[in-house]
Student: 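Can you keep this structure in mind? I'll have questions shortly.
Labels below follow one simple rule: chain letters A, B, ... track the order of the sequence lines, proteins then strands, and each chain is numbered from 1.
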Number of protein chains: 2
Amino acid sequence: MTPRKSHVELYKKHHKHFIAIDCIIFGFDEGELKLLLIKRNFEPAKGQWSLMGGFLDENESLDEAGYRILYNLTGLKDIYMSQLHSHGEVNRDPGARVISISYFALINIQNHDEELVKENDAHWRPISKIPPLIFDHRHMVDLALEQLRKEAKIKPVGFELLPSKFTLPQLQSLYEAIYSKTLDKRNFRKNILSMGMLEKLDEKEKENSKKGAFYYRFNEDKYKELTARGFYFNIAI
Amino acid sequence: MTPRKSHVELYKKHHKHFIAIDCIIFGFDEGELKLLLIKRNFEPAKGQWSLMGGFLDENESLDEAGYRILYNLTGLKDIYMSQLHSHGEVNRDPGARVISISYFALINIQNHDEELVKENDAHWRPISKIPPLIFDHRHMVDLALEQLRKEAKIKPVGFELLPSKFTLPQLQSLYEAIYSKTLDKRNFRKNILSMGMLEKLDEKEKENSKKGAFYYRFNEDKYKELTARGFYFNIAI
DNA sequence: TCATTTAAGTGTTATATCTACAATTATGTA
DNA sequence: TACATAATTGTAGATATAACACTTAAATGA
């Protein structure tokens, strides 16, 4: 006798559809922006490169499905992920009519579960060398890149791709990878430090130089405090 | 024997879902930004205010469904419309589980078919006085407004809300309505005219002042030429 | 231990953009 | 012909952006 049950008959004349969730998973490693891609292990298009995906279940929200799929592949929770777009061309999937909703995630590549990734036959590929992908997955990737480039300028999402401690040269290298553009050290540092949301640590990273570069940490609380006062994150690219 | 048919069995174990399209339709009239809302004529929530929507059919894409629904309500084709977000909370619709994909459209309020709108029991409501809406429709409207405010700064979408001939005071009034903010006449004109995509006509609009204001027209070709050269539309708000 | 090498770290100036601000003009109406 | 109304126009100060080169810290090896 819930309202739910009493009206469902009215909707019955309409069609139902398969809904898939596909995840565009970005990581940053060796100065390059990378994507996590899988070799698809079922038909159609078995053996071809694909985004990680899955079908929407009966009792989960879209976001929950997205997080489930990401978790199953990487073992990661509490990840930055946001819905990108819904893809509904009638023949986009040759197996059946499937509406796919793409999500894009930014992960710290050090943290993921490498065993799980192996089990899923997933591999990191630099965005400059993306192999041909099934269906409209390449289009999804292009949308995600566009979205990442929009967001990274005006929201502190870049930090999601780095370890919690990072150096300014690393951070600059990340932005250079996202925008395929070399940036001026002095201007970049001035820009990011003047926003006042990075904490300098006493520790130095010494793998990449003799002098060593100081570690910094993104201070989320400080960022929230600033935005509450009308401040806007902005990186000049 | 198409691949389509050969693999559909593999997908069968998964659930199928109702998919609805809901349209947030913006217009601009009497210095106000307005929304086209309907009185829902079926259960559940019959008689309550709602966005115009409909279910996705078997053989149409998401975009096609959006245009179909917009056409059925307004008689308009070739309208600026873009996908906004997909809404999949399990209980968002008390009638049944329905995934809704929201679209937002910008229309020139003069052009729509008033008869059709009446037949659908649809009404224009200023965004400052939106009545309570069913389900998560208010959230959709808020997202659409946010999106409009993002886009109108950096893309020439505002013109979609105006007649093809408009005056600069009208255009300024539109931006003021979108951003709920009064703008400086001189700066606004300098800004928009310096982009070089508006054509001044010889004709004047004389309803709103004795002096009359010159009509202008948005030159789409010019805009495309400029963007091809790396130009970016930008209105300082 | 001192010279060399490597990447980190730092300021200033010119240019472009944004913001604030008020007088004049055209035209209809009394 | 005076008046009322809204359209139209420019400049100067402030702020943000972009260009540019030397110094410093520390490891390495002669």
Student: Check the distance between C:dG11's P and A:L193's CG and give it to me in whole angstrom.
Tutor: 12 Å
Student: Rounding to a whole Å, what distance do you find between B:M195:CE and C:dC18:C1'?
Tutor: 14 Å
Student: Send over the distance from A:N187 CG to C:dG9 C1', rounded to a whole Å.
Tutor: 14 Å
Student: Centroid-to-centroid, B:W49 to B:H123, below 6.0 Å?
Tutor: yes
Student: Can you pull out the residues from residues 223-237 of chain B that lie within a 4.0 Å heavy-atom distance of DNA chain D?
Tutor: none
Student: Measure the distance from CD on B:Q170 to P on D:dT8 and round it to the nearest whole Å.
Tutor: 11 Å
Student: As a test of understanding, state which of B:Q147, B:H85, B:H87, B:H139 forms a side-chain hydrogen bond (donor to acceptor under 3.5 Å, both in side chains) with B:S102.
Tutor: B:H87
Student: Looking at B:R68 and B:E64, is any side-chain nitrogen of the basic one under 4.0 Å from a carboxylate oxygen of the acidic one?
Tutor: no
Student: Can you check the B:R186 CZ to C:dC21 C1' distance for me, whole Å?
Tutor: 5 Å
Student: Let me know the distance between NZ of A:K206 and P of C:dG9, rounded to the nearest Å.
Tutor: 11 Å
Student: So which of A:F159, A:F218, A:Y175, A:Y215 actually passes ring-ring contact (aromatic ring centres under 6.0 Å, His included) with A:F166?
Tutor: A:F159
Student: Measure the spacing between CG of B:L51 and CD1 of B:I134 and express it to the nearest 0.5 Å.
Tutor: 7.5 Å
Student: So which heavy atom on B:G66 is nearest to which on B:C23, and how close?
Tutor: O-SG, 4.0 Å
Student: Regarding B:K181 and B:E176, does a basic nitrogen lie under 4.0 Å from an acidic carboxylate oxygen?
Tutor: no
Student: Are A:Y67 and A:Y103, when compared by the centres of their aromatic rings, separated by less than 6.0 Å?
Tutor: no
Student: A:L183 has an atom CG; how far is it from atom C1' of D:dA18, in whole Å?
Tutor: 12 Å
Student: Send over the distance from A:Q172 CD to C:dT10 C1', rounded to a whole Å.
Tutor: 14 Å
Student: Protein-nucleotides 2-7 of chain D N/O pairs closer than 3.5 Å?
Tutor:
| residue | atom | partner | partner atom | Å |
| --- | --- | --- | --- | --- |
| D:dA7 | N3 | B:K211 | NZ | 2.9 |

Student: Take atom CD in A:E114; do more than 12 heavy atoms of anything else shown fall under 6.0 Å from it?
Tutor: no
